[in-house]
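Following: one structure in structure tokens, then a few remarks.
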Amino acid sequence: MVKLNKKDVEQLKIKLIKLREHLLSAVEREQNFAKTNNPLKESRDEGDFGQGTLDMEIEVSSLESLQNILQLVERALRKIEKGTYGICEQCRRPINKARLEALPYATLCMECQKSS
């Protein structure tokens with residue numbers, strides 16, 4: 001298992017900050033789209049209403065997913081500041097560097113993730 005050094009943490013912090021900026025932008029776009037494009041307002045019959053409802057559910061689900069990832073990114077950045085980044089929240093062992101490079105907001109090591 002390859003552990004993180006200070007340089008690795010700094011590079012992952014930069015990656016997390018860029019990801020946070022991207023997610024904030026995406027959340028804002030989704031919120032603006034939902035405000036201006038309410039498919040239920042345009043429903044003319046049951047079929048339109050059903051499709052509009054489905055479209056809204058997809059938008060809400062997408063927005064929730066973006067917000068959940070954003071929360072994980074923020075949490076990872078706080079852990080970097082506290083010095084606890086890269087530690088599995090379940091078993092307390094270091095999370096492999098390759099996993100964090102692929103998913104910098106990971107909270108669990110692969111072993112604990114598999115058992116969850």
Query raised in the report: Should Ile14 and Leu19 be regarded as members of a common hydrophobic cluster, given that ILVMFWY residues are connected when their side-chain heavy atoms come within less than 4.5 Å of each other, either directly or indirectly?
Result: no
Query - Glu111 side, atom CD; Gln90 side, atom CD - distance, nearest 0.5 Å - result: 10.5 Å
**Report entry** Shortest non-hydrogen contact from Pro104 toward Ala76
**Finding:** O-CB, 4.0 Å
Report task. Nearest 0.5 Å please: distance from the CD atom of Gln67 over to the CG atom of Leu23. Result -> 10.5 Å
Query raised in the report: For the side-chain contact (heavy atoms from CB on, under 4.5 Å) test, which of Val9, Ile87, Ile95, Asn96 pairs with Leu4?
Result: Val9
Query raised in the report: Given side chains that start at C-beta, do those of Leu100 and Tyr85 come closer than 4.5 Å, heavy atoms only?
Result: yes
Query raised in the report: Got a second to check how far Lys97's NZ is from Leu12's CG, nearest 0.5 Å?
Result: 8.5 Å
Query raised in the report: Between Ile80 and Leu16, is any pair of side-chain heavy atoms under 4.5 Å apart?
Result: yes
**Report entry** side chain to side chain donor-acceptor pair (under 3.5 Å) partners of Arg78, counting only residues at least two apart
**Finding:** none
Query raised in the report: Between Glu89 and Arg75, is there a side-chain N and carboxylate O pair less than 4.0 Å apart?
Result: yes
Report task. Kindly work out whether a path of hydrophobic side-chain contacts (I/L/V/M/F/W/Y, heavy atoms less than 4.5 Å apart) joins Leu103 to Met110. Result -> no
Query raised in the report: Within the distance-only criterion (no hydrogens, no angle test), does the side chain of Asp8 pair as donor or acceptor with the backbone N or O of Asn5 below 3.5 angstrom?
Result: yes
Query raised in the report: To the nearest 0.5 Å, what is the distance between NZ (Lys15) and NZ (Lys18)?
Result: 10.0 Å
Query raised in the report: So how far is it from Leu70 CG to Arg20 CZ, rounded to the nearest 0.5 Å?
Result: 8.5 Å
Report task. Mind listing the closest non-hydrogen atom pair of Cys109 and Cys91 along with its distance? Result -> SG-SG, 3.8 Å
Query raised in the report: Does the pair Glu81 and Lys13 meet the rule for a salt bridge (charged side-chain N to carboxylate O under 4.0 Å, His left out), with working shown?
Result: CA-CA 10 Å; Glu81 296 306 315; Lys13 181 179 179 179; 2.9 Å; yes
**Report entry** Glu21 backbone acceptor or donor facing Ser25 side chain under 3.5 Å
**Finding:** no
Query raised in the report: How far does CG of Leu108 sit from CZ of Arg99, to the nearest 0.5 angstrom?
Result: 7.0 Å
